[in-house]
Asker: 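I have a structure I would like to understand better, so I am pasting it below and will then ask my questions one at a time.
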Amino acid sequence: MDCIGRMAEIFLCILCLTLIPAGNALKTCQNREKNAAEIQAERFYWQIRQEKSLKAEDYAQFKKFFSQFPDYRFELTVARRYVMPAGRTPKGFPVKIMYRVELEEKLYGKEEIFLGGNVFVNISIYGKDGYFYTCGGEV
Amino acid sequence: MMGKLAKCIDLMAAVFLMFLFPAVCIHIRMRDRLFDMCVARVREYGEMMQKQGYLSMDAARYLLETNMESGAGILCAVEITLLQERGGESRPLTMKTVGENDCSYMGVDVYPFSCGDGLLFTIRMPADGFEQAYYYFCGAVPKREYSCYFSVRDGLAERMLWGDGEEGTGVGQNRAGE
C-alpha cells in the first residue's frame with residue numbers, strides 16, 4: 001500500500017511540475033496567436049478606411065497571414081447602403097452585403113475595389129476553439 | 001535508514017502538493033488578472049487617444065514613464081511601449097519625444113496626432129521568480145505580451161490647421177515656438 005501511495009505522490013508531483021505548467025504555456029502561446037490575428041484585422045480595417053478602397057495587395061497579405069494559422073479563419077463583408085430618392089418606396093432591403101467569395105471574385109485581376117461612402121466593412125475572425133473577434137465599421 | 005528517507009520524501013511531496021503548488025498557482029492566476037487589468041486600462045487610454053486625436057502629458061506620464069519608479073498604480077507591473085505609425089514608418093513614442101513636440105491645447109499640454117496615425121501599444125509583463133520556478137521544467141517561461149492597435153480618427157494636428165487654434169484658447173501653441 002505504501003508503494004502505491006508513494007507512486008501516486010510521485011505521479012502527482014510530476015503532473016504539477018510538468019504537465020500543468022506546459023498546458024499554461026501552450027495557452028499563453030495560443031492567446032498570443034489570437035492577439036496577432038486581432039492586430040492584423042484592425043490594421044486591415046484601418047487600411048481600408050484610409051484608402052476608402054479594398055486593395056488586392058493588402059488583401060493578399062491579410063489572407064497570407066491567416067494561411068499560416070490553420071486554426072483560424074476570417075470572413076470579410078462589405079455592406080453598402082443605398083439611399084433611395086425621396087418619394088420612392090424601396091423594393092426590398094436597401095442594403096447589399098458582399099461576402100468574401102464575391103469580393104474575391106470582384107478583386108480578381110484588379111488592383112483595388114473602390115468602396116466610397118455609405119459602406120460598412122466588417123472583419124470577423126473565427127477560431128476552432130470557439131474564439132470569435134470582430135472589428136470594422138464605417139469606411 | 002530507507003524508511004526515514006521514504007518518510008522524508010512523503011513529507012516533501014505532501015508539503016509541495018498541499019502548500020507550495022497551490023500557492024504558486026494562485027500567485028500566477030493573480031498576476032494573470034493583474035495583466036488583464038493593465039491591458040484593459042491601456043485599451044481605455046488607446047481608445048481615448050483615438051477619439052481625441054492627442055495624447056495629454058498626464059496620460060503620457062502615466063503610460064510611458066519608467067513605470068517601475070513612478071508609482072503608476074496598476075501599470076507599474078507592466079512595461080508599455082507605444083509605436084506611432086505614419087506613412088508606413090513607425091517610431092517609438094517616449095516621454096522625450098512627446099516632451100519635445102508637445103503643444104498647448106485648451107490649457108493642457110498635449111502631443112498632437114494626425115488623422116490616420118496608427119498607435120501600436122505593446123504591453124509586457126516580465127516573469128517573476130515564482131513564475132520562473134513554475135515553468136522551470138518546461139524549459140522556457142512564456143512571456144505575457146499583448147498588443148493593441150488604434151488608428152486616430154480625428155487628429156488634433158488637422159484640427160489646429162483648420163483654425164481650431166483661436167486666440168485666447170491657447171490652442172496649437174507649440175512649446176518650441178514652431
Side-chain angles (χ1 to χ4, degrees), chain A residues 1-53 55 57-58 61-62 65 121 123 125 131 133-139, chain B residues 2-3 5-7 9-18 20-22 24-25 28-29 32 35-36 39 43 46 50 85-88 114-125 127 130-153:
Chain A
M1 277 305 284
D2 278 1
C3 188
I4 293 168
R6 207 152 287 136
M7 274 170 70
E9 261 175 17
I10 291 165
F11 174 72
L12 276 174
C13 286
I14 290 169
L15 190 79
C16 292
L17 287 170
T18 55
L19 289 180
I20 295 173
N24 279 7
L26 200 68
K27 207 175 157 188
T28 309
C29 290
Q30 282 174 346
N31 283 344
R32 287 178 72 172
E33 268 182 16
K34 283 171 190 166
N35 186 220
E38 287 168 16
I39 295 287
Q40 283 293 323
E42 292 280 357
R43 272 178 197 271
F44 186 48
Y45 164 60
W46 284 100
Q47 277 172 350
I48 296 172
R49 191 183 155 106
Q50 270 200 295
E51 308 284 340
K52 296 218 177 282
S53 68
K55 289 199 168 175
E57 195 188 335
D58 294 343
Q61 271 185 1
F62 185 64
F65 174 83
V121 169
I123 302 163
I125 304 166
Y131 167 76
Y133 181 80
T134 184
C135 71
E138 199 172 353
V139 173
Chain B
M2 283 300 286
L5 183 71
K7 273 184 185 173
I9 291 169
D10 280 351
L11 191 69
M12 276 171 66
V15 168
F16 171 75
L17 288 171
M18 285 196 297
L20 287 181
F21 186 71
V24 173
C25 279
I28 287 167
R29 184 65 63 87
D32 279 341
F35 184 68
D36 290 344
V39 166
R43 284 193 70 92
Q50 179 183 44
E85 297 179 353
R86 184 179 288 175
S114 294
C115 288
D117 277 2
L119 305 171
L120 180 67
F121 285 93
T122 308
I123 307 135
R124 289 188 193 91
M125 183 184 255
F130 279 116
E131 280 170 332
Q132 280 168 4
Y134 183 68
Y135 291 109
Y136 182 78
F137 290 100
C138 295
V141 183
K143 288 171 193 157
R144 283 191 194 86
E145 190 174 308
Y146 185 88
S147 300
C148 44
Y149 182 81
F150 302 94
S151 187
V152 177
R153 287 181 194 162

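Throughout, protein chains are lettered first and strands after them, A, B, ... in sequence-line order, and every chain is numbered starting at 1.
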Asker: Just how far is it from atom CD of A:Q40 to atom OG of B:S147, taken to the nearest 0.5 Å?
Answerer: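 Rounded to the nearest 0.5 Å, the CD-OG separation comes to 11.0 Å.
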Asker: Measure the shortest side-chain to side-chain distance between A:N24 and B:Y135 over non-hydrogen atoms and say whether it is less than 4.5 angstrom.
Answerer: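 Of all side-chain heavy-atom pairs linking B:Y135 with A:N24, at least one is under 4.5 Å.
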Asker: What residues form a salt bridge (Lys or Arg N to Asp or Glu O under 4.0 Å) with A:D58, not counting sequence neighbours?
Answerer: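 A:D58: no salt bridge (Lys or Arg N to Asp or Glu O under 4.0 Å) contacts found.
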Asker: Taking all non-hydrogen atoms of both residues, which atom of B:F16 and which atom of A:C13 are closest, and how far apart?
Answerer: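 Scanning both residues, the minimum pair turns out to be CD2-SG, 3.9 Å.
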Asker: Can you tell me which portion of B:F21 sits under 4.5 Å from chain A's heavy atoms? Options are side chain, backbone, both or neither.
Answerer: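 The side chain, not the backbone.
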Asker: How close do A:C16 and B:L17 get, counting heavy atoms only, and between which atoms?
Answerer: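 Answer, listing the atom of A:C16 first, then B:L17: SG-CD2, 3.7 Å.
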Asker: Suppose the criterion is side chain to side chain donor-acceptor pair (under 3.5 Å): which pairs have a residue in residues 14-23 of chain A, not counting sequence neighbours?
Answerer: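 Non-adjacent pairs meeting side chain to side chain donor-acceptor pair (under 3.5 Å): zero.
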Asker: So what's closer than 4.5 Å to chain A heavy atoms on B:A14: side chain, backbone, both or neither?
Answerer: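 For B:A14, no heavy atom lies under 4.5 Å from chain A.
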Asker: With chain B as the partner chain, list the residues of residues 27-35 of chain A whose heavy atoms fall under 4.5 Å from it, by residue number, and write 'none' if nothing qualifies.
Answerer: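 From residues 27-35 of chain A, the residues near chain B are A:T28, A:R32, A:N35.
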Asker: So which residue, A:I20, A:L19, A:I10, ends up with the most heavy-atom pairs under 4.5 Å with chain B?
Answerer: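 Most heavy-atom pairs within the cutoff with chain B belong to A:I20.
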Asker: Which one wins on heavy-atom pair count under 4.5 Å against chain A: B:Y136, B:Y149, B:F137?
Answerer: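 It is B:Y149.
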Asker: Would you please name every residue forming a salt bridge (Lys or Arg N to Asp or Glu O under 4.0 Å) with A:E38, sequence neighbours left out?
Answerer: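 Residues passing salt bridge (Lys or Arg N to Asp or Glu O under 4.0 Å) with A:E38: none at all.
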Asker: For residues B:I9 and A:E9, report the shortest heavy-atom separation together with the two atoms involved.
Answerer: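 Nearest heavy atoms, B:I9 then A:E9: O-OE1, 4.4 Å.
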Asker: Quick check on B:R29: does its CZ atom have over 12 non-hydrogen neighbours (other residues, nucleotides or ligands) under 6.0 Å away?
Answerer: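 For B:R29, atom CZ is not crowded (no more than 12 foreign heavy atoms under 6.0 Å).
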Asker: Report which part of B:C115 has an atom under 4.5 Å of a heavy atom belonging to chain A: side chain, backbone, both, or neither.
Answerer: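 B:C115 touches chain A through backbone heavy atoms alone.
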Asker: What are the two closest non-hydrogen atoms of A:Q50 and B:G116, and how far apart are they?
Answerer: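 Smallest interatomic distance, heavy atoms only, reads NE2-CA, 3.3 Å.
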Asker: Select one option (side chain, backbone, both, neither) describing which atoms of B:E85 are under 4.5 Å from chain A's heavy atoms.
Answerer: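 Only the side chain of B:E85 comes within 4.5 Å of chain A.
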Asker: Is any side-chain heavy atom of A:W46 closer than 4.5 Å to one of B:F150?
Answerer: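 With C-beta onward as the side chain, the pair stays apart.
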